[in-house]
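Written below as structure tokens is the structure these notes are about.
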Amino acid sequence: MTESPIRVGVLGARGRMGATVVQAVEGAEDLRLVAALDAGEDLAGLGDAQVVVDFTHPDAVMGNLRHLIGHGVHAVVGTTGFTEERLAELRGLLAAKPELGVLIAPNFALGAVLAMRFATQAARFYASAEVVELHHNRKADAPSGTAAHTARMIGAARAEAGLAPGPDATTSEVDGARGAEVDGVRVHSVRLPGLVAHEEIMFGGEGETLTIRHDSIDRSSFMPGVLLGVRTVVSRPGLTVGLENVLDL
Ligand SMILES: NC(=O)C1=CN([C@@H]2O[C@H](COP(=O)(O)OP(=O)(O)OC[C@H]3O[C@@H](n4cnc5c(N)ncnc54)[C@H](OP(=O)(O)O)[C@@H]3O)[C@@H](O)[C@H]2O)C=CC1
Ligand SMILES: O=C(O)C1=N[C@H](C(=O)O)C[C@H](O)C1
């Protein structure tokens with residue numbers, strides 16, 4: 001017996017990512033696009049969607065998720081801006097809906113997920129680590145969600161290994177020249193037209209450096225991860241943060 005296609009809605013459907021997701025869902029035989037909404041459109045228009053993919057804006061995503069969880073709809077979320085407070089609220093909302101799944105991934109590109117994993121493995125071996133993220137100039141947030149997530153994972157691995165802050169002789173600094181600090185890791189953001197989404201994780205130690213770099217050169221790079229998320233979330237209750245938990249990593 002053939003299974004019915006999963007009914008999918010997209011929020012942020014006219015945006016750079018949302019429009020790409022709409023095409024990817026339309027091209028997948030086991031999925032059916034039932035709604036494609038953008039800013040200002042009533043969420044009632046999601047109709048009978050089973051899973052909603054959100055690529056909107058950090059200011060909008062929590063309102064969308066409150067609505068989706070309240071209405072028993074699974075969610076796959078690429079939108080950035082998730083703090084511990086936001087995640088705690090979602091866990092609380094999901095506790096009342098034990099059958100429902102929400103997957104939030106700072107980055108849906110396979111290579112980005114692998115780069116974060118490799119960086120976490122490398123972190124305890126090096127005295128210093130810094131992250132450089134490079135994006136298109138229409139991006140609203142800095143640092144990127146991926147870079148913040150990477151820095152947090154490196155920070156946790158460094159703390160677990162008992163590493164002291166990386167040696168740094170800087171005593172005089174133009175504001176921002178050493179980047180932002182996320183969990184003890186410096187993060188630098190570059191914004192240029194022509195870029196899509198890129199990240200370099202740099203480690204320095206005794207007489208050597210290690211650089212791990214990932215480049216998304218097209219938004220199609222995110223689509224296999226998004227579609228995997230849609231197929232997985234329907235049978236993965238609770239809150240999942242990071243595609244690494246869905247891939248066998
Ligand atoms: N996790 C991942 O792999 C990736 C995550 N992202 C993240 O996804 C988000 C979107 O990125 P991108 O597509 O480039 O951004 P865009 O600005 O191109 O698209 C966002 C779209 O969402 C719309 N929107 C805003 N608020 C709402 C709302 N409440 N309901 C429905 N639609 C809304 C916007 O409309 P309007 O312009 O009128 O406000 C816009 O059309 C960002 O947070 C980005 O960092 C991006 C790429 C990959
Ligand atoms: O805005 C983007 O473009 C991207 N946003 C995500 C982020 O902030 O990490 C993922 C990817 O870097 C592209």
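Bear in mind that the values here come from a model prediction, so they are computed numbers and not experimental data. Just follow the structure's listing: the first ligand is 1, and inside any ligand the first atom is 1.
For atom 26 (N) of ligand 1, a protein heavy-atom neighbour is found at a distance under 4.0 Å.
At the shortest separation from atom 9 (O) of ligand 2 among protein heavy atoms lies Thr146 OG1, 2.5 Å. Of all protein heavy atoms, the one closest to atom 12 (O) of ligand 2 is His135 NE2, 2.6 Å. Protein heavy atom nearest atom 42 (C) of ligand 1, with residue, atom name and distance: Thr80 OG1, 3.9 Å. Taking atom 3 (O) of ligand 1 as the reference point, the nearest protein heavy-atom neighbour is Phe108 N, 2.8 Å. In terms of protein heavy atoms, atom 16 (P) of ligand 1 is closest to Arg16 NH2, 3.6 Å. Distance from atom 29 (N) of ligand 1 to its nearest protein heavy atom, with residue and atom name: Ala60 CB, 3.3 Å. For atom 4 (C) of ligand 1, the nearest protein heavy atom (residue, atom name, distance) is Phe55 CE2, 3.5 Å. Remark: minimum distance from atom 7 (C) of ligand 2 to any protein heavy atom is reached at Gly145 N, 3.4 Å.
Comparing heavy-atom distances from atom 41 (O) of ligand 1 across Asp38, Thr20, Leu37, Ile104 singles out Asp38 as nearest. Looking at Ala36, Pro58, Gly40, Ala39, it is Ala39 that brings a heavy atom closest to atom 36 (P) of ligand 1. Heavy-atom proximity to atom 10 (C) of ligand 1, evaluated over Val113, Thr56, Thr79, is greatest for Thr56. Proximity annotation for atom 5 (C) of ligand 1: of Gly145, Gly18, Ala140, Gly78, Gly78 comes nearest, heavy atoms only.
For ligand 2, the atoms closer than 4.0 angstrom to any heavy atom of Asn107 are 10 (C), 11 (C), 12 (O). Heavy-atom contacts of Asn107 reach the following atoms of ligand 1: 1 (N), 2 (C), 3 (O) (cutoff under 4.0 Å). Atoms of ligand 1 lying under 4.0 Å from at least one heavy atom of Gly15, given by number and element, are 18 (O), 19 (O), 21 (C), 41 (O). Atoms of ligand 1 found under 4.0 Å from any heavy atom of Met17, numbered from 1 in the order shown, are 13 (O), 46 (C), 47 (C), 48 (C). Close approach of ligand 1 to Gly12 is summarised as follows: ligand atoms under 4.0 Å from at least one heavy atom of the residue are 21 (C), 22 (O), 23 (C), 31 (C), 32 (N). Listed by atom number, the atoms of ligand 1 under 4.0 Å from Lys139 heavy atoms are 45 (O). Remark: ligand 2 atoms within the under-4.0 Å shell around heavy atoms of Pro106 are 6 (C), 9 (O), 10 (C). The atoms of ligand 2 that sit less than 4.0 Å from any heavy atom of Ala197 are 11 (C), 12 (O), 13 (C).
Distances from ligand 2 to the non-hydrogen atoms of His136 include at least one value under 4.0 Å.
Grouping the Ile, Leu, Val, Met, Phe, Trp and Tyr side chains by contacts below 4.5 angstrom, directly or via other members, places Leu227 with Val51. Cluster annotation: Val77 is not connected to Val233 through the hydrophobic network of ILVMFWY side chains, with a link wherever side-chain heavy atoms come within less than 4.5 Å. In terms of hydrophobic clustering, with Ile, Leu, Val, Met, Phe, Trp and Tyr side chains grouped at heavy-atom distances under 4.5 Å, Val53 and Leu103 are assigned to a common cluster.
Checking side-chain atoms of Arg158 against main-chain N and O of Tyr126 turns up a donor-acceptor pair under 3.5 Å. Of the possible donor and acceptor atoms, one in the side chain of Thr79 sits under 3.5 Å from a partner among the backbone N and O of Thr56. A donor-acceptor pair under 3.5 Å links the side-chain atoms of His71 to the main chain of His67, judged by distance alone. In this structure a side-chain-to-backbone donor-acceptor pair under 3.5 Å is missing from Asn137 to Arg191. In this structure a side-chain-to-backbone donor-acceptor pair under 3.5 Å is missing from His214 to Ile212.
Contact annotation: for Ala147 versus ligand 2, there are no heavy atoms closer than 4.0 Å. Residue contacts with ligand 1, taken as heavy atom pairs separated by less than 4.0 Å, involve Pro106 solely via the backbone atoms N, CA, C and O. Here Ser144 has heavy atoms under 4.0 Å from ligand 2 in both its backbone and its side chain. Contact annotation for Ala105 and ligand 1: only backbone heavy atoms (N, CA, C, O) come within less than 4.0 Å of the ligand.
Counting only heavy atoms from C-beta outward, the side chains of Val113 and Phe108 never approach each other to under 4.5 Å. Residues Thr209 and Met202 form no side-chain contact, since every pair of their non-hydrogen atoms from C-beta on lies 4.5 Å or further apart.
Glu160 CD: 12 or fewer foreign heavy atoms inside a 6.0 Å radius.
Ion pairing between Arg178 and Asp168 holds under the 4.0 Å rule for side-chain N and carboxylate O. Between Glu199 and Arg213 there is no salt bridge, since no side-chain nitrogen of the basic residue lies less than 4.0 Å from a carboxylate oxygen of the acidic one.
Nearest approach of Leu210 to Ala122, heavy atoms of both residues: CD2-CB, 3.9 Å.
Side chain to side chain, Thr240 and Asn245 fail the donor-acceptor criterion of an N or O pair below 3.5 Å. Checked by atom type, the side-chain pair Glu133/Thr146 shows no donor-acceptor distance below 3.5 Å.
Of the polar atoms of Lys139, at least one N or O is found under 3.5 Å from an N or O of ligand 2, judged by distance alone. Annotation: Arg14 places no N or O atom under 3.5 Å from an N or O atom of ligand 1; distance criterion only.
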